[in-house]
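See below for the structure under consideration.
Model, not experiment: these values are computed from the prediction.
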Amino acid sequence: MSEVTMQSGQIMVGDHQGIYVVKLVGDVRLNLCTTFDSYINKMFAHGDFRGVVFDLNQAEGVDSTTLGLMAKIAFRCEERGRMKPLVLCENRGLLRLLDSMGFEELMDINGEVNEETYPVEPVALKCNTPDEQAAREMVLEAHRVLMSMNEQNAETFRDLVHALESEQEAAQPVQHKSVASR
């Protein structure tokens, strides 16, 4: 069997003395992102928070929602006066993707990786399946963050964000009607 398939994704996390490690493994997609977003909030709530290391060396693919959450972390680090997140990645395709979207402005990207860059062994983040509304809100927020990075991203994601906003608006009256009919 010479068929090449992407490994389903996993987000692994850990921390050591306020440095949080986020290791992306396989094909990281939306289904992992609501749990990842909750982890981000917990990470920034810790008083010892000093910085973030993204390890993408075992990532095969990263969707735009995940990239939006990575950008969200970078913006929150900047707001708190912390160092830029460090991205460890040797995958040329992912490096091109990060570069094309403007991540070099938000993060320190290192293509040459030393196995001892961080002294913690990340563990798998137990991801719950998001409900449809939570997933829609997560995708919308992540893409708004990507749009805020630069004009090229704004143009790239404008139609998707508009469609999601329209879906969200259309879904809300239905919820109100079902409550009103009780």
Side-chain angles (χ1 to χ4, degrees), residues 6 9-13 19-45 49-113 117-118 125 127 130 133-169:
M6 284 194 157
Q10 188 173 46
I11 298 174
M12 303 182 73
V13 295
I19 301 294
Y20 288 78
V21 175
V22 177
K23 183 174 186 171
L24 305 181
V25 178
D27 188 27
V28 181
R29 301 270 159 210
L30 165 67
N31 62 317
L32 304 171
C33 287
T34 55
T35 303
F36 182 36
D37 191 50
S38 295
Y39 178 79
I40 292 168
N41 292 330
K42 290 177 189 166
M43 183 174 69
F44 281 96
F49 178 86
R50 291 181 28 228
V52 178
V53 174
F54 290 105
D55 183 343
L56 305 185
N57 284 310
Q58 292 180 15
E60 296 171 16
V62 180
D63 73 357
S64 56
T65 302
T66 306
L67 291 170
L69 292 176
M70 290 172 62
K72 176 181 175 178
I73 289 172
F75 284 124
R76 287 183 72 180
C77 284
E78 185 179 343
E79 287 167 8
R80 293 185 69 171
R82 301 295 185 229
M83 63 183 176
K84 288 181 178 182
L86 173 63
V87 177
L88 306 175
C89 182
E90 295 175 324
N91 179 317
R92 290 177 191 252
L94 288 176
L95 288 169
R96 274 192 302 276
L97 175 65
L98 294 172
D99 181 54
S100 72
M101 295 186 72
F103 275 84
E104 71 282 350
E105 299 294 319
L106 297 177
M107 302 179 183
D108 291 325
I109 300 173
N110 187 345
E112 295 179 22
V113 179
T117 303
Y118 52 85
L125 189 60
C127 293
Q133 181 63 26
R136 186 181 298 119
E137 289 172 9
M138 174 60 45
V139 171
L140 188 56
E141 178 193 12
H143 287 83
R144 283 177 177 153
V145 171
L146 289 173
M147 288 177 69
S148 75
M149 289 171 59
N150 59 50
E151 188 55 43
Q152 181 180 335
N153 287 357
E155 185 62 34
T156 300
F157 297 112
R158 186 171 286 123
D159 290 342
L160 173 63
V161 168
H162 180 69
L164 290 168
E165 288 170 341
S166 296
E167 269 183 41
Q168 196 170 37
E169 288 171 16

For this session: Please list, chain by chain and in numerical order, all residues satisfying salt bridge (Lys or Arg N to Asp or Glu O under 4.0 Å) with E104, sequence neighbours excluded.
Result: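 Listed in chain order: nothing, the list is empty.
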For this session: Mind checking salt bridge (Lys or Arg N to Asp or Glu O under 4.0 Å) for R50 and listing every partner two or more places apart, or none if nothing turns up?
Result: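 Expected list: none.
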Distance-only donor-acceptor hits, side chain of residues 67-84, under 3.5 Å, sequence neighbours excluded:
residue, atom, partner, partner atom, Å
K72, NZ, D37, OD1, 2.5
K72, NZ, E141, OE2, 3.1
R76, NH1, N41, OD1, 2.9
R80, NH1, F44, O, 2.4
R82, NE, F49, O, 3.1
K84, NZ, E105, O, 3.2

What's the separation between atom [atom1] in [X] and atom [atom2] in [Y], rounded to the nearest 0.5 Å?
X    : Y    : atom1 : atom2 : value
L56  : N110 : CG    : CG    : 11.5 Å
H143 : S148 : NE2   : OG    : 12.5 Å
M138 : T66  : CE    : OG1   : 10.0 Å
F157 : M149 : CZ    : CE    : 9.0 Å
L98  : I109 : CG    : CD1   : 5.0 Å
E155 : N150 : CD    : CG    : 11.5 Å

Of all residues at least two apart in sequence or in a different chain, which pass the side-chain contact (heavy atoms from CB on, under 4.5 Å) check with [X]?
X    : answer
R144 : L140, V161, E165
A142 : T65
A163 : none

For this session: Could you tell me whether a side-chain N or O of N91 sits under 3.5 Å from a main-chain N or O of E60, the two making a donor and an acceptor?
Result: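 It does not hold such a pair.
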Problem set entry | Test item: H162 side-chain N/O and R158 main-chain N/O as donor-acceptor pair under 3.5 Å |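 Looks like no, no N/O pair under 3.5 Å.
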For this session: Apply side-chain contact (heavy atoms from CB on, under 4.5 Å) to the pair L95 and D99, showing each step before the final yes or no.
Result: CA-CA 6 Å; L95 288 169; D99 181 54; over 6 Å; no
Problem set entry | Side-chain heavy atoms of I11 within contact of L24, under 4.5 Å |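 Counting from C-beta outward, I11 and L24 do come under 4.5 Å.
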Exercise. What pair of heavy atoms forms the shortest contact from A59 to L94, and how long is it?
Worked result: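 Taking A59 first and L94 second, the nearest heavy atoms are O-CD1, 3.6 Å.
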Problem set entry | Verdict with reasoning, T156 to N153, per side chain to side chain donor-acceptor pair (under 3.5 Å) | CA-CA 5 Å; T156 300; N153 287 357; 5.0 Å; no
Exercise. Could you go step by step and tell me if F36 and V28 meet the side-chain contact (heavy atoms from CB on, under 4.5 Å) rule?
Worked result: CA-CA 11 Å; F36 182 36; V28 181; over 6 Å; no
